Amino acid sequence: MKKYLLLIEDERLWESFKNSIEKDINSEIIGLIKEKVAKVKKGVEKR
């Protein structure tokens, strides 16, 4: 397993994200990554 460091420069945005999550932060971020990858695969978003 690889580990990554996430740096957030916008503290207000980070607080909003933390307050909106339902699971732990890692699970939420992985979910967002999976959604993004699925959209790219479907051709909905460009790389």
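This one's a predicted model, so the numbers in the text were calculated from it and none came from an experiment.
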Report the C-alpha distance between Ile29 and Leu6 in whole Å, list the side-chain angles of each, state the deciding distance to 0.1 Å, and finish with yes or no for side-chain contact (heavy atoms from CB on, under 4.5 Å). CA-CA 10 Å; Ile29 292 173; Leu6 177 64; 3.5 Å; yes
Membership question, hydrophobic clusters at under 4.5 Å side-chain separation (ILVMFWY): are Val40 and Ile33 in the same one? no
Between Glu28 and Ile21 (side chain of the first, backbone of the second, donor and acceptor by atom type, cut-off under 3.5 Å), is there such a pair? no
Out of Leu32, Ile8, Asp10, which one pairs with Phe17 under the side-chain contact (heavy atoms from CB on, under 4.5 Å) rule? Leu32
Hey, what do you get for CG (Asp24) to CD1 (Ile30), rounding to the nearest 0.5 Å? 10.0 Å
Under the criterion salt bridge (Lys or Arg N to Asp or Glu O under 4.0 Å), I'd like the reasoning laid out for Glu15 against Lys18: C-alpha separation, chi angles, the key distance, then a yes or no. CA-CA 5 Å; Glu15 284 299 319; Lys18 284 194 323 183; 3.3 Å; yes
Say whether Asn19 and Ser16, considering side chains only, have a donor N or O and an acceptor N or O under 3.5 Å apart. no
